[in-house]
Enquirer: 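This is the structure I have questions about; it appears just below.
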Amino acid sequence: MTKEYDHKKIEQKWRREWEKHELYKTPASPEDHGKPKCYVLDMFPFPSGEGLHVGHPKGYIASDIYSRFKKMNGFNILHPMGWDAFGLPAEQYAIKNKIHPRIAVEKNIARFKEQLSLIGFNYDWDREINTTDTRYYKWTQWIFLKLLEKGLAYESFEPVNWCPSCQTGLANEDLDGTRCERCGTEVEKRPMRQWVLKITDYADRLIADLDDLNWPEHVKEAQRNWIGRSEGALISFQLIGFSFQLDVFTTRPDTLFGATYCVVAPEHELIDKLKSKISNWDEVLTYREDMKKKTEIERTAEGMEKTGVKLVGVTAINPVNNEKLPIFIADYVLAHYGTGAIMAVPAHDSRDHEFAKKFDLPIRAVIEPVTGEKRENEEFRKSIVAIVHNKKDDTFLSINWGDKLGGNLFVGGGRENDEDPLACAGREIGEETGYKNVSFISQTESIHHHYRAHSKGVNREIEAVGLYFELDDNEQIPIKREEDEKGKFTVEWIARSEVGNKIKDELHALAFDLLVNGSVYSGAGIMINSGKFDGMTNDEAKKDITEFAGGQLKTTYKLRDWVFSRQRYWGEPIPVIHCERCGTVPVPEKDLPVKLPDVDSYEPTGTGESPLANIRDWVNVKCPKCHGDAKRETNTMPNWAGSSWYYLRYIDPRNQNALVDKEKEKYWSPVDVYVGGDHATRHLIYARFWHKFLFDIGAVNYSEPFKRLEFLGVILAEDGRKMSKRWGNVVNPDDIVELYGADTLRVYEMFMGPFENASAWKTESIIGSRRFVEKIWRIFSKVKSENEKLKTTIQNEKLTTLYNQTLKKISENIEDFKFNTAISAMMILANELEKEESIDQEMFEGFLKIFAPFAPHIADELWHDMGHDSFIYNEPWPEYDALKIQDEMMIIAVQVNGKLRATFEIARGTEEEEVKKQALLIPEVLKWTDDKKMKKVIYVKEKLVSIVI
RNA sequence: GCCGAGGUGGCGAAAUUGGUAGACGCACCAGCCUUAGGAGCUGGCGGGAUCAAACCCAUGGAGGUUCAAGUCCUCUCCUCGGCACCA
C-alpha cells in the first residue's frame, strides 16, 4: 500500500535535511576550482513591508532549477541571495510605522527569508549580503572614492530634478516622463549642489559592448535608446555685431545650404548676451517666462503647435554661403541636448518645416531624392508621376498593368526635354485614363529613380516630377489604345488605405508620401542648391561640408551624467568632507565606512538639505588634510548605488581588505545567467558602468558583469492588474505552499507559460500541476527492482525511446529557460509511465533526477524511498542514449497536391523508392491519384511523401 | 513618430532546417466510481457539414514564393514594451 503524499511533512523534512548537511554550501577551496563554474544570479529584492507575493519567486524558481541542473551536470555553482535595503521606500515605511529604518529592514528581511525558505531554494545563505550593512557599504563608499579620485565624480550646480513630495533630487533615470517614478509627482527643476557621476564618459563602451551580450534584444535596444548616441557635426555661425558665435549641433551637416534660420532654446544662456541688440526684448522675456510656467508635459504634448519668438536685431551668418539667417527662440529646441541650438532646414526636417510654415520662413530643398539602385548603362529620361485624387470617395487614380509589369502605378509617362511637367501630366492623364477635368494642387521637386525596365530590357535613370491633382468631374474621353495594348492594363481607383499595399513602385510610393501625406523628405539623395557640392551624394557631402564650414564631426548622447546625491537619511553617506581651506576632501580610505549616525528624526528637512545636516556631532569633523574644522557631506547615495556592484560581493562576502578578491573574482565572474525583470535601463546601465570602471582601475577581471540575461515576465493578479496591497489582489506564496506544497508551486509557476511572458495568476489552474506531482508519487508504487523485473514484462521499446527523448529534451529546455515545455515533456512521459504495469527502476531514477530541479522535496523523498542514502542534488545528471531516441518505425505523412491525405507506418531505414511505392498503394491516396497523371513524387526523409498531380 | 517584442481554440500555450497545426495543462461535456459533494479514472473537446464518414474552412488581414507556409517575402491592421520636438 502506498503512503499518502503529505507535502507538508515531506517538504519540511527535506529542508531540514538539506540544511543539516549543508548541501547548498558553495565550494570555496581552490582544488574545487578545477571544475567549470556557473554563477547564477537573481536580482536581489528590496525587502518591503508587504512581504513576498507569488510573483516574486518566479525568477528565483527559474534560477534555482537552472543552478540545480548545472550542479548535477558537474559545475561548481554560485547561487546567492541578499537584500537591497537602502532607499526611500524603506525610509518611508519606517517613518510611517515610527520605527528606525534599520529595525524595519531587519524585520522585513526576516519575513522575506522565512517566506523564501518555504519554497526550497538552494541558496547558500552563508553568502547573504545586505547593502545597509556597514561592512558592505564600506565598499560602496570605497568605489565612490575611486570615482572621485579618477575625476568621474564631481559636484555640480546645474538645476536638478526635484521631487517636492519625496523631498529629494532625482536622476533622469528616476523619472517617468516628467514625473517622479516613485510617487507620480510632477518634478521641478531646482538649482542646488549635487554629486554627479560621469557616466557619459562610458556611453560609447556601454553601447558598443552590448553587441556581445547574450541579452534579450528589447533590453539591449532600451539601453541603446536611453544612451541615445548620435553622430553629427558642430557648426559655428557668426553673429553680426558680436565677437562670439552661435554653435549648433546637427546630424545633417549635408543640408547646411538649406538652413534658412536658426533656433535656440528659450533657456539658452546666449540670449542674455545678445540682449543689447534685441529690439523686442520684452516679447522675448515674456516667452521665456511663459515657458518656465508651462510644465514639461504641456510643452511636449502631442500635436502641440510650434511656438517661438524672433530675436529681432540679431542675425547669424551661414558659414557656407554667408547668408543672413534670422534667429528664433522656440521651445521645440531643448536646452540640454546638443548645444541647445539648431540650424533649421525646413525642407528636410519635419519639425523645422512645421515651424517655417507657421512663421512663413523660406524653405529651400538641397537634396534631391534618389530611389532605386544605380545600374550599368543607364538610359536617361525625364518623366512625371501624376496622382489624381477623387474627393468624393477618397480614392486615387491608378493603372493596373498586371502582375508582370509591376501591378498598380499612378499615371506616369515620359516627358520631352522642354515639356512643362504640368502639361505633360494633364496629357498623360487624358491619354491613359480618359479623365478630362482635373485641378492641379501641388508638385514635388525632381526625384531621381533608377530601375530596370524589364519589358524593354534596358536600365534607366529617370528624373521625375510628382504632381498632385484633384478630380473635378467624371467626364471622360475615349481612351486611345494601340491594338496590342488593349485589355492589358485597366484603370482602377484605389482607396487611400490600399495605396501602401498596391503601389509597390518606390518612386510612385515616394511621390504619394510627399504629395498626399505631406511628408518632408529626410532620406538620402544628391546635393542640389549647394554650390560646389552639387551632384555629390549627401552622404559624401556630410564630411566635406562640415570641413568647408569650419565645423567638426561630433557625437552626442541623450544620456546625462548620473545625479548621485539624495537629500534623504536612509542611504550610504557620501564619504567626503568639506573644508573651508582645503575644499572638498575625500574621507581617507582607512576611515571607511562613514557610518550613518543614529538620529531622532530621519524625516526630510524640507529645506533641500539631508536630515544628516542636523546631527552636529556627526557633521562637524576635522579636515583630514589640514586638521582644521570641517563638515561632512550630508547627502546620501541613491539606492541604485548598492545594487550596482552587489553581485561581486557574493563571490567574497566577508573580505575585509578588498571589495572582492581578484583571484576568486577571476574564477566566478562573470555572472553566467542573470535572472530578473524590470530595470532594463537603470540598474543594468549603472551596474555595467561601475563594472567597467572597476575593470579600468584593475579591481575586476572582466569588462562586462552579466554574460547572459534572462528577462522575466511578471505574474499579474487574476484580475490582470499588478499584484499589490492597494488592489487587494495579492496572493501569498505561503498560502499556496500550505495548501498545495512548494513543489507544486514551483512546477506551476514554471508551467504557466514562456518564462519571459507576463501572465495572470490563476489559482484554479494550479490543480493541474498538483495532479502531476501526485502522479509521480503514484507511479512510484509501480517501480520494480531489477530482480522483480525479471518476473514481469520485457522492456518496452516505445517507452525506452520516449524516455531517452525526454532526457534530451529536458536538458535542452532547461539550458534555454524553456521550463514550460520541459514540464510538458515530463508530463507526457509520466502519462505513459502510468499506463505501464511496472516500471524499470533505472528509468524511474532517471526520471526523478530530471524532475528534482523542479520539485526537489518530493524527488529526495522518493529517491530515499528507493533505498538511496545520497541526496539527489549530488547525483550526476542522466545522459540520454543517442541510439535509443528514435523509434524503429517511422510515421510517414502522404500529401497529394499539398493536402494531407493519409499517414502510414513503415520501418525506419526503408529505402526511398520503397516508401514512395508503399505510399502510392494506400487506398486513401489512390482515391486522389486515381487515373491522374503524376507529375512528381517528393520524399522528405523520414517525414513525408508529397505527390503532385 | 521611431525602435523592439508579439497576434495560433473558451483560457495558458506547443509546433527542428518550411514538412501531419493546436502537443501538454486548465475549463467544459459525457460515462464510471461515490449516500452526496469533492477527488480519482475513462472518453470527448478549433469551426462548418453530416445519422456517420468522406469532405470543406482555419494560425489578425491581403497578396506572393513553394509540391508544401503559423514558419520565408511584400504590404496592412491590432496589442504590449521602450524612447519621444534628442536636431
Enquirer: For A13(B), take OP1 and OP2 only and decide whether either is under 4.0 Å from a side-chain N or O of Asn757(A).
Expert: yes

Enquirer: Report the relative orientation of the aromatic rings in Trp777(A) and Tyr5(A); use parallel for angles under 30°, tilted for 30 to 60°, perpendicular for over 60°.
Expert: tilted

Enquirer: What is the distance, to the nearest angstrom, from the CG atom on Asn517(A) to the P atom on G1(B)?
Expert: 11 Å

Enquirer: With a 4.0 Å cut-off on heavy atoms, is Ile828(A) in touch with a base, just the backbone sugar-phosphate, or nothing at all?
Expert: sugar-phosphate

Enquirer: Could you tell me the separation between the CD1 atom of Ile810(A) and the P atom of C24(B), rounded to a whole number of Å?
Expert: 15 Å

Enquirer: Using only side-chain N and O atoms of Arg224(A), determine if any of them is under 4.0 Å from OP1 or OP2 of C83(B).
Expert: no

Enquirer: Look at Asn225(A) and A84(B) and indicate whether a side-chain polar atom (N or O) is within less than 4.0 Å of OP1 or OP2.
Expert: no

Enquirer: Do the side chain of Asp352(A) and the main chain of Val345(A) share a donor and acceptor less than 3.5 angstrom apart?
Expert: yes

Enquirer: When all nucleic acid strands are considered with a 4.0 Å heavy-atom cut-off, which category describes Gly228(A): base, sugar-phosphate, or nothing?
Expert: nothing

Enquirer: Which value, in whole Å, describes the distance between the P atoms of nucleotides U59(B) and G70(B)?
Expert: 7 Å

Enquirer: Distance check, P atoms only: G6(B) and C72(B), in whole angstrom units.
Expert: 11 Å

Enquirer: Using both distances under 3.5 Å as the test, list the Watson-Crick or G-U wobble partner of C2(B), or none.
Expert: G82(B)

Enquirer: Ring of Phe755(A), cation from Lys58(A) - is the NZ or CZ under 6.0 Å from the centre and inside 45° of the axis?
Expert: yes

Enquirer: Please check: side-chain N/O of His508(A) versus main-chain N/O of Phe410(A), any donor-acceptor pairing under 3.5 Å?
Expert: yes

Enquirer: For a side chain to side chain donor-acceptor pair (under 3.5 Å) check, start with the C-alpha distance between Glu354(A) and Tyr332(A), then their side-chain angles and the critical distance, and finish with the verdict.
Expert: CA-CA 11 Å; Glu354(A) 207 183 309; Tyr332(A) 84 92; over 6 Å; no

Enquirer: Given that both distances must come in under 3.5 Å, which nucleotide forms a Watson-Crick or G-U wobble pair with C75(B)?
Expert: G61(B)

Enquirer: Going by purine N1 to pyrimidine N3 plus the second Watson-Crick contact, or the G-U wobble pair, all under 3.5 Å, which nucleotide sits opposite G19(B)?
Expert: C67(B)

Enquirer: State the pairing partner of G12(B); accept Watson-Crick or G-U wobble contacts with both distances under 3.5 Å, and report none otherwise.
Expert: C24(B)

Enquirer: So what does Arg229(A) hit on the nucleic acid, given a heavy-atom distance under 4.0 Å: a base, only sugar-phosphate, or nothing?
Expert: nothing

Enquirer: Phosphate oxygens OP1/OP2 of G25(B): is one of them under 4.0 Å from a side-chain N or O of Asn831(A)?
Expert: yes

Enquirer: Please report the distance separating the P of G18(B) from the corresponding atom of U71(B), rounded so that it comes out in whole Å.
Expert: 12 Å

Enquirer: Select base, sugar-phosphate, or nothing to describe what Ser946(A) touches, counting heavy atoms under 4.0 Å on all strands.
Expert: base

Enquirer: Given that both distances must come in under 3.5 Å, which nucleotide forms a Watson-Crick or G-U wobble pair with G40(B)?
Expert: C32(B)

Enquirer: Taking only N and O in the side chain of Arg778(A), is any of them less than 4.0 Å away from OP1 or OP2 of G40(B)?
Expert: no

Enquirer: Just to confirm, is there a sub-4.0 Å distance from OP1 or OP2 of C67(B) to any side-chain nitrogen or oxygen of Lys936(A)?
Expert: yes

Enquirer: Indicate whether OP1 or OP2 belonging to A87(B) is found under 4.0 Å from a side-chain N or O atom of Arg252(A).
Expert: no

Enquirer: Regarding Ser824(A), tell me which of base, sugar-phosphate or nothing describes its non-hydrogen contacts under 4.0 Å with the strands shown.
Expert: base

Enquirer: Is there a side-chain contact between Ser230(A) and the phosphate of A87(B), meaning an N or O under 4.0 Å from OP1 or OP2?
Expert: yes

Enquirer: By the 4.0 Å heavy-atom rule, please label Ile891(A) as base, sugar-phosphate, or nothing.
Expert: base

Enquirer: Using OP1 and OP2 only, check whether a side-chain N or O of Lys775(A) sits under 4.0 Å from A39(B).
Expert: no

Enquirer: Run the salt-bridge test on Lys809(A) and Glu812(A) with the 4.0 Å N-O cut-off and return the result as yes or no.
Expert: no

